[in-house]
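Throughout, residue positions are numbered sequentially from 1 according to the sequence presented.
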Amino acid sequence: MLSTRLYEDFPTLKTKINGRRLVYLDNAATTLKPKRVVEKLKEFYYTSYSNVHRAVHTLASRATVELEESRERFAEFLGVSPQEIIFTSGTTMAINLVAVSLLRSGLLKENDLVLTSLLEHHANFVPWLRLSRFHGYRLEYIKPSGRFGTLEMDDLMSHREKNPKVLAITGFSNVTGQRIPVEELRNIFPNAIIVLDGAQLLPHERVKPKEIGVDFLAFSLHKMLGPTGVGVLYGRKELLEQMEPFLYGGEMIDRVSLEDVTFNELPYKFEAGTPNIADIVASKEALAYLEEIGFEVVHERVERLTQLALEELSRVDGVELYGPLDERQHGIVSFNIKGVHPHDVAHILDQEFGVAIRSGHHCAQPLMNLLKEQSLLDFPNSTCRASFYLYNTEEDVRIFVEGVKKVKEWFSR
């Protein structure tokens, strides 16, 4: 029943690839969009579009109300104040905002320690690395000790006594699908400013940042059925009030003189310029859709498909799987076929079977280098990655696995 509804709600699933139905397994990169999100975009542009916060005419009032309703919906979803919800262009911008603003405000200083991990997407790795060159803080890395790129609890505990000023860490690896024990981070690092990359985590479960004790949480709506170009950053109010803005310009100011400026109140202090109004408005429809289905239903469905794919692929000789390969792995299956370049695998799956997967380094080259050190990669910096979401089915997994078997047979001749 659910599958029939989902098939109708996502028109992209009716796409044909060389005569075969599309099997979309690139959800960790971006998800498909339900009709109601696209229809909301259309309705808003036709009936309510205007710039926000800056005028008193009817369209401006409508647009402002719609945008602020989105903010309130995400605040309710996370269990925080609307003042703590900042709209950005995505997770990448949100993390850059946090890093630069902490530095400008003196909350992160020279010789302070920033701790991150080798699991990170470049969005939560490169900003901290590059900024350390200019600002002189120390940067250290948590190295996964488990085979197949798995971060163990002992890996986190081994850095406990270092007392980092900032812990910047993902909640969910975009390569291995490992869910990190985010509930334990505050206990392990009681004094750290915790910056949690939730780009892969939030599409699969509701996270309450205040309950788990993180100071910042960033995620992108395009990975959870929403439009591209919209990110949400939760920031703890006490810290946001101390922080210098990342961008300067319109809307984020209170008063401007020839000598200096004063800033707008939260959250507008961090939202310089015209926001991505229509996509922010449509994003609340994506959230509503997920909540109507239920995050528990989404999680259970994706978990079942993940474990089925792991079980079936583990039986195929010459296929190497990465990640915990247990209950900690969710939504993502990274693998390689021995002796076959991942790009060849992805191309053939697409052209011959209609299966869309990702191949490459997945914007996580430090983790790829680690896998190479463990002699797990035939080709540097590259794996195949299949990722599942709520509209995928067991039949999708069957078609995908059969495609992998065929690719292996063809290259074994």
Side-chain angles (χ1 to χ4, degrees), residues 84 86 88-145 151 154-171 173-174 180-182 184-199 209 212-219 231 233-248 252 263 266 269-270 272 363-370:
E84 297 174 307
I86 298 164
T88 70
S89 64
T91 305
T92 299
M93 181 178 174
I95 294 171
N96 275 270
L97 184 160
V98 172
V100 173
S101 292
L102 287 175
L103 285 162
R104 287 181 179 174
S105 311
L107 294 169
L108 176 60
K109 300 184 180 71
E110 186 176 0
N111 295 321
D112 283 342
L113 174 62
V114 172
L115 191 61
T116 188
S117 86
L118 297 188
L119 290 184
E120 305 307 314
H121 187 283
H122 294 162
N124 198 32
F125 194 93
V126 176
W128 304 106
L129 175 59
R130 291 301 300 169
L131 288 170
S132 70
R133 303 287 182 87
F134 302 112
H135 295 276
Y137 59 82
R138 295 177 294 127
L139 184 62
E140 294 188 15
Y141 307 108
I142 304 170
K143 182 177 180 180
S145 64
L151 188 72
D154 286 347
D155 302 329
L156 291 167
M157 293 297 292
S158 67
H159 293 269
R160 183 174 191 169
E161 301 305 319
K162 295 181 178 179
N163 196 28
K165 186 63 176 285
V166 174
L167 171 68
I169 194 167
T170 185
S173 169
N174 77 309
I180 305 304
V182 295
E184 302 299 324
L185 296 177
R186 179 52 67 194
N187 291 331
I188 300 171
F189 302 101
N191 301 315
I193 296 172
I194 298 179
V195 181
L196 183 63
D197 175 356
I212 63 175
V214 300
D215 300 290
F216 296 97
L217 169 64
F219 58 100
L233 172 65
Y234 156 76
R236 185 158 59 86
K237 183 179 178 182
E238 293 80 3
L239 286 173
L240 292 176
E241 288 176 335
Q242 298 177 58
M243 289 163 57
E244 179 79 7
F246 172 50
L247 294 175
Y248 304 114
M252 52 76 63
F263 299 125
L266 293 174
K269 169 183 173 182
F270 292 97
C363 294
Q365 291 186 38
L367 179 55
M368 291 294 168
N369 291 335
L370 177 64

Give the minimum heavy-atom separation between Ile95 and Ala218, together with the two atoms involved. CG1-CB, 4.3 Å

Please assess Leu108 against Val166 for the test side-chain contact (heavy atoms from CB on, under 4.5 Å), listing each intermediate value before the final yes or no. CA-CA 8 Å; Leu108 176 60; Val166 174; 4.2 Å; yes

Measuring from atom CD1 of Ile169 to atom CD of Glu120, what distance do you get when rounded to the nearest 0.5 angstrom? 6.0 Å

Donor-acceptor pair, side chain of Lys269 and main chain of Leu266, under 3.5 angstrom: no

Does any non-hydrogen side-chain atom of Leu113 lie less than 4.5 Å from one of Lys162? yes

Is the backbone N or O of Asn187 less than 3.5 Å from a side-chain atom of Arg160, with the two atoms forming a donor-acceptor pair by type? yes

How many angstroms lie between CZ in Phe246 and CG in Leu97, if you round to the nearest 0.5 Å? 6.0 Å

For Asp112, salt bridge (Lys or Arg N to Asp or Glu O under 4.0 Å) partners two or more places apart: Lys165

Is it the case that more than 12 heavy atoms not belonging to Lys237 sit under 6.0 Å from its NZ atom? no

Residue set satisfying side-chain contact (heavy atoms from CB on, under 4.5 Å) with Pro366, at least two apart, ordered chain then number -> Leu118, His122, Phe125

Is any side-chain heavy atom of Phe263 less than 4.5 Å from a side-chain heavy atom of Met252? yes

Of the non-hydrogen atoms in Ile193 and Leu102, which two are nearest, and what is the gap between them? CD1-CD2, 4.2 Å

side-chain hydrogen bond (donor to acceptor under 3.5 Å, both in side chains) contacts touching residues 88-102 (sequence neighbours left out): Thr91-Ser220

Evaluate the side-chain contact (heavy atoms from CB on, under 4.5 Å) criterion for residues Leu196 and Phe216: first the C-alpha distance (whole Å), next the side-chain angles of each, then the deciding distance (0.1 Å), finally the verdict. CA-CA 6 Å; Leu196 183 63; Phe216 296 97; over 6 Å; no

Not counting sequence neighbours, list each pair that qualifies as a salt bridge (Lys or Arg N to Asp or Glu O under 4.0 Å) and has a residue in residues 93-104. none

To the nearest 0.5 Å, what is the distance between CD1 (Ile212) and CZ (Arg186)? 9.5 Å

Are any of the side-chain heavy atoms of Ser173 and Leu151 separated by less than 4.5 Å? no

Applying side-chain contact (heavy atoms from CB on, under 4.5 Å) to Leu107 and Gln242, what does each step give before you reach the verdict? CA-CA 8 Å; Leu107 294 169; Gln242 298 177 58; 3.4 Å; yes

How would you list, by chain and number, every residue that makes a side-chain contact (heavy atoms from CB on, under 4.5 Å) with Leu247, sequence neighbours excluded? Met93, Ala272

Which residue, Thr170, Asp155, Ile142, forms the side-chain contact (heavy atoms from CB on, under 4.5 Å) with Leu119? Thr170

May I have all residue pairs that pass side-chain hydrogen bond (donor to acceptor under 3.5 Å, both in side chains) and include part of residues 125-137, sequence neighbours excluded? Asn124-Trp128

What I'd like to find out is whether the side chain of Phe134 reaches to under 4.5 Å of the side chain of Leu103, using heavy atoms alone. no

As an exercise, state the distance from CG of Asp197 to CD1 of Ile180, rounded to the nearest 0.5 Å. 11.0 Å

Can you tell me how far CG of Leu115 sits from OH of Tyr141, rounded to the nearest 0.5 angstrom? 10.5 Å

Give the minimum heavy-atom separation between Ala192 and Asp215, together with the two atoms involved. O-OD2, 3.4 Å

Spacing of Leu233 atom CG and Phe270 atom CZ [to the nearest 0.5 Å]: 8.5 Å

Of all the heavy-atom pairs spanning Tyr234 and Val214, show the shortest one and how long it is. CE2-O, 3.6 Å

